[in-house]
Amino acid sequence: MALLKILIFPDPRLRTVAKTVEVVDDSIKKLAQDMLETMYQGSGIGLAATQVNVHKRVIVLDISESKDEPLILINPEIIKIIDPNKKIFSEGCLSVPGFYEELKRPSSVEISYLDIDGKKNLLLANDLLAVVIQHEMDHLDGKMMVDFISNIKREMIRKKLLKAKGL
Ligand code: GNR
Ligand code: NI
C-alpha cells in the first residue's frame with residue numbers, strides 16, 4: 001500500500017480525460033488499493049484516478065459511517081437516469097480543499113462498471129452515492145465541481161489555492 005499525491009486545482013493535469021481500462025490486471029488492483037488508502041487518509045468519501053495523476057477510468061468510494069465499505073468502480077458509465085429530478089447536495093473535493101459548493105444533480109442513476117475481478121456489474125445508486133459517483137465520473141472526464149459555479153467564485157478559489165501553494 002502507498003499514499004498517493006493528490007493534485008490540487010487549478011493543476012492542468014486535472015483536465016486530462018482518462019482512458020478506458022482494457023484489462024483489470026495487478027497494476028489496476030494496486031492502483032485501486034493505493035487510491036482507497038489515499039482517500040481514507042484524506043477523509044474523503046470518493047477519489048478518481050485523475051486526482052492522483054493516473055489517467056485511467058478507475059474510481060473508489062466509501063460513503064459508510066464506519067469507513068469499511070470500500071467500492072471500486074472501473075470504467076463506470078451511467079446507463080440510466082432513474083430520477084431526472086435534480087437534488088441539491090453540498091459537495092467537497094480533495095482537489096479543492098476547504099471549499100464546499102451546493103450543486104444540483106440527478107439523485108438516482110443506474111451505473112454499469114467492471115469490478116476488481118474484471119466482471120461487469122450494475123449498481124442502482126441513490127442520493128449521496130449517486131452524487132459521489134457523478135462527481136468522480138466528472139473527474140475522469142477532466143471536469144470538476146468548480147466548473148459549475150460562477151466565474152468570480154472559481155477565480156477566488158483559484159487564487160486562494162495558488163497562494164496556499166506559495167505560487
Ligand atoms: O470527500 C468528498 N466528499 C464529497 C461530498 C459530496 C459530494 C462529493 C464528494 S467527493 C469528495 C472527494 C473527492 O474529491 N472526490 O473526487
Ligand atoms: Ni473531487
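Remember, it's 1-based here, ligands and their atoms both numbered in the order they're listed.
An N or O contact shorter than 3.5 Å is missing between Ser43 and ligand 1 by distance. Distances between N or O atoms of Leu94 and those of ligand 1 include at least one value under 3.5 Å. Between Leu128 and ligand 1, no pair of N/O atoms sits closer than 3.5 Å. Considering backbone and side-chain atoms together, Glu136 places an N or O closer than 3.5 Å to an N or O of ligand 1. At least one N or O atom of Ile45, backbone or side chain, sits closer than 3.5 Å to an N or O atom of ligand 1.
Side-chain atoms of Asp127 and Ser107 form no donor-acceptor pair, as typed in the model, at a separation below 3.5 Å. Checked by atom type, the side-chain pair Asp62/Tyr40 shows a donor-acceptor distance below 3.5 Å.
Atom OG of Ser108 and atom CG of Leu124 lie 5.0 Å apart (nearest 0.5 Å). Residue Gln134 holds its CD atom at 10.5 Å from CG of Leu103, rounded to the nearest 0.5 Å. Atoms CD1 and CZ, from Ile149 and Arg154 in turn, are 6.5 Å apart once rounded to the nearest 0.5 Å.
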(message) For a side chain to side chain contact (heavy atoms under 4.5 Å, CB included) check, start with the C-alpha distance between Val58 and Leu31, then their side-chain angles and the critical distance, and finish with the verdict.
(response) CA-CA 9 Å; Val58 177; Leu31 169 67; 4.2 Å; yes
(request) Kindly indicate, with the supporting measurements, whether the criterion side chain to side chain contact (heavy atoms under 4.5 Å, CB included) is fulfilled by Gln51 and Leu94. (result) CA-CA 8 Å; Gln51 291 175 278; Leu94 292 170; 4.1 Å; yes
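For the pair Asp11 (side chain) and Arg13 (backbone), a donor-acceptor distance under 3.5 Å is present.
The Ni ion (ligand 2) forms the vertex of an angle spanning NE2 of His135 and SG of Cys93; to the nearest 10 degrees it equals 110°.
Ranking the protein heavy atoms by distance from atom 12 (C) of ligand 1 puts Gly46 O, 3.1 Å first. The protein non-hydrogen atom at the shortest distance from atom 11 (C) of ligand 1 is Gly92 O, 3.3 Å.
Across Met145, Glu91, Met39, Glu101, heavy-atom proximity to atom 6 (C) of ligand 1 is greatest for Glu91.
Using a 4.0 Å cutoff on heavy atoms, Ser90 counts as a contact of ligand 1.
Closest approach of Thr16 to His55, counting heavy atoms only: CB-ND1, 3.3 Å.
If you look at His135 next to ligand 1, the close heavy atoms, those under 4.0 Å, all belong to the side chain.
Taking every heavy atom of Gly44 and a limit of under 4.0 angstrom, the matching atoms of ligand 1 come to 1 (O). Of all the atoms in ligand 1, the ones that sit under 4.0 Å from a non-hydrogen atom of His139 are 16 (O).
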